[in-house]
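Small disclaimer: the values here were computed from a predicted structure and weren't measured. Naming convention: chains lettered A, B, ... in sequence-line order (proteins, then strands); numbering from 1 in each chain.
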Number of protein chains: 2
Amino acid sequence: METTIFESEELRQLETLAQQRRTIKRYQHLFRAGSPLQYLYLIRAGSFKSCVLDSNGREQITGFHMNGELLGSCAIGTGKHLCDMMALEDSSVYEISFAEVERLVREIPTLQRCLNRAMSREVERNYKSMLLLGSMRAEERLATFLLDLSQRFAKQGYSATEFNLRMTREEIGSYLGLKFETVSRMFSNFRESHSIEVKNRAIEIKDLNRLQQMVGHYA
Amino acid sequence: METTIFESEELRQLETLAQQRRTIKRYQHLFRAGSPLQYLYLIRAGSFKSCVLDSNGREQITGFHMNGELLGSCAIGTGKHLCDMMALEDSSVYEISFAEVERLVREIPTLQRCLNRAMSREVERNYKSMLLLGSMRAEERLATFLLDLSQRFAKQGYSATEFNLRMTREEIGSYLGLKFETVSRMFSNFRESHSIEVKNRAIEIKDLNRLQQMVGHYA
DNA sequence: CGCGATTTTGACGGCACTCAAGCGCCGTGG
DNA sequence: CCACGGCGCTTGAGTGCCGTCAAAATCGCG
């Protein structure tokens with residue numbers, strides 16, 4: 001009895017093309033930047049991080065991904081993956097053969113729309129990250145991050161106020177452009193202001209309004 | 001006698017669909033975020049900036065665009081533009097009716113590839129920006145910016161070492177996640193280290209190696 | 001239970017921001 | 001043509017946020 005809730009409804013169309021399941025152990029890569037696009041993936045269970053590296057070894061986490069989301073879509077244009085995708089915990093995905101998708105896309109026009117939308121969503125998410133990285137202070141970044149997670153958990157039918165982080169402070173820091181000590185300090189600040197309760201990876205949002213206000217007022 | 005050099009060769013295919021030219025005056029918008037996608041645009045002359053705004057009025061410039069580049073591609077998925085596009089100087093573009101493109105895309109499979117690639121390029125550029133915003137210090141950001149501009153001018157057949165900036169210090173700052181005073185100071189630093197010559201918007205790169213080294217070594 | 005990894009917390013320093021003043025370039029109008 | 005005004009740019013002084021370095025606590029896992 002599975003009722004996957006997709007990031008976007010039209011992804012249900014892709015689900016019908018899912019050929020097989022694949023399980024990924026924690027810290028394993030689903031694909032790497034530069035490798036050819038063979039499959040698109042729908043997350044059935046678990047979570048992932050995507051990251052890009054530059055020529056000097058710097059790493060930037062570009063996103064965290066959970067249930068119902070499509071992975072690999074930004075490779076559609078070039079046929080090569082643009083980022084590394086690593087499981088944050090033991091996870092499970094549907095494999096969707098891209099060759100199959102390319103074949104079917106000529107017969108089913110709505111399938112193309114579906115792919116295009118997936119890529120646009122990726123661009124839109126990236127724009128939001130750029131805004132965050134370019135113009136927010138540490139407190140605002142972390143508040144934005146928590147509110148985003150909260151919404152996504154809620155959309156999956158989980159609690160919007162109590163959830164467990166799947167990533168380390170360092171990974172949060174990489175995503176938000178902060179050092180892990182700063183992330184930790186901000187969590188402590190939030191606790192002291194009674195906005196959240198933190199116990200390691202366990203988060204309870206106690207004052208949603210306050211978090212939203214933090215994102216709102218800027219200098 | 002026009003020989004447009006495109007950002008990517010396959011854009012030449014889109015050029016054949018160009019129906020009319022349009023001129024845009026400085027500081028005019030080509031389109032705005034949220035407006036429906038009616039045309040894609042190929043830049044014939046001039047330059048543009050794209051920016052996103054958040055609900056609190058913060059602005060982030062997501063890119064600068066010049067000759068031969070395609071504008072509006074990230075709206076392909078949703079049918080609505082995701083960013084504002086403003087001319088930095090009096091400019092000229094080809095209009096390409098998106099309705100026409102959508103009609104032709106079923107007959108010409110390579111046209112779809114062309115659009116997909118355009119979107120992938122956008123994602124790739126954004127990843128680079130996120131890396132820059134998330135993990136570089138001011139000096140590295142500005143050096144990266146200058147090297148990127150240099151390459152793009154060179155690709156258009158212009159000098160890689162002497163060019164005029166089309167944007168203000170404040171716009172550079174918005175793009176790089178810095179305040180304009182910091183941008184100005186960094187330019188002065190670069191001049192003092194004889195890496196570049198700056199006179200207002202006029203840039204001369206005098207020591208390309210040094211700029212590249214700046215990007216290289218991190219902490 | 002014990003070890004390594006993760007997280008917290010403290011002290012300190014530096015890079016970038018803020019605020020402010022002055023300069024220079026350019027377009028406009030007298 | 002020149003004077004004026006506004007905007008963009010530069011530069012300085014001071015501050016503060018976040019990074020760095022370090023140590024201790026806690027967690028998770030074998």
request  = Establish, yes or no, whether the cationic atom of A:Arg12 lies under 6.0 Å from the six-membered ring centre of A:Phe6 and within 45° of the ring axis.
outcome  =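 Geometry flag: not set, cation outside 6.0 Å or 45°.
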key: Proximal nucleotide (of D:dC9, C:dC17, D:dG19) relative to the B:Ser184 side chain   =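 Looking only at side-chain atoms, B:Ser184 lies closest to D:dC9.
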base_contact_polar ([N] base, [X] side chain, donor-acceptor, <3.5 Å):
| X | N | result |
| --- | --- | --- |
| A:Glu181 | D:dC18 | no |
| A:Arg137 | D:dG16 | no |
| B:Arg169 | D:dT11 | no |
| A:Arg201 | D:dG28 | no |

Specify the separation, in whole Å, of atom [atom1] of [X] and atom [atom2] of [N].
| X | N | atom1 | atom2 | answer |
| --- | --- | --- | --- | --- |
| B:Lys179 | D:dC18 | NZ | P | 13 Å |
| A:Leu165 | C:dT8 | CG | P | 10 Å |
| A:Glu139 | D:dC17 | CD | P | 10 Å |
| B:Met136 | C:dC15 | CE | P | 18 Å |
| B:Ile172 | D:dT10 | CD1 | P | 9 Å |
| B:Phe180 | D:dC9 | CZ | C1' | 8 Å |
| B:Ile203 | D:dC9 | CD1 | C1' | 12 Å |
| A:Phe187 | C:dT6 | CZ | C1' | 13 Å |

message = Can you confirm whether or not the ring centre of A:Phe64 sits under 6.0 Å from the ring centre of A:Phe48?
response =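 Centroid separation for A:Phe64 and A:Phe48: 6.0 Å or greater.
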ask   = Closest nucleotide of DNA chain D for B:Arg191 versus for A:Met186: which of these residues is on the 5' side?
value =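 Here B:Arg191 is the residue nearer the 5' end.
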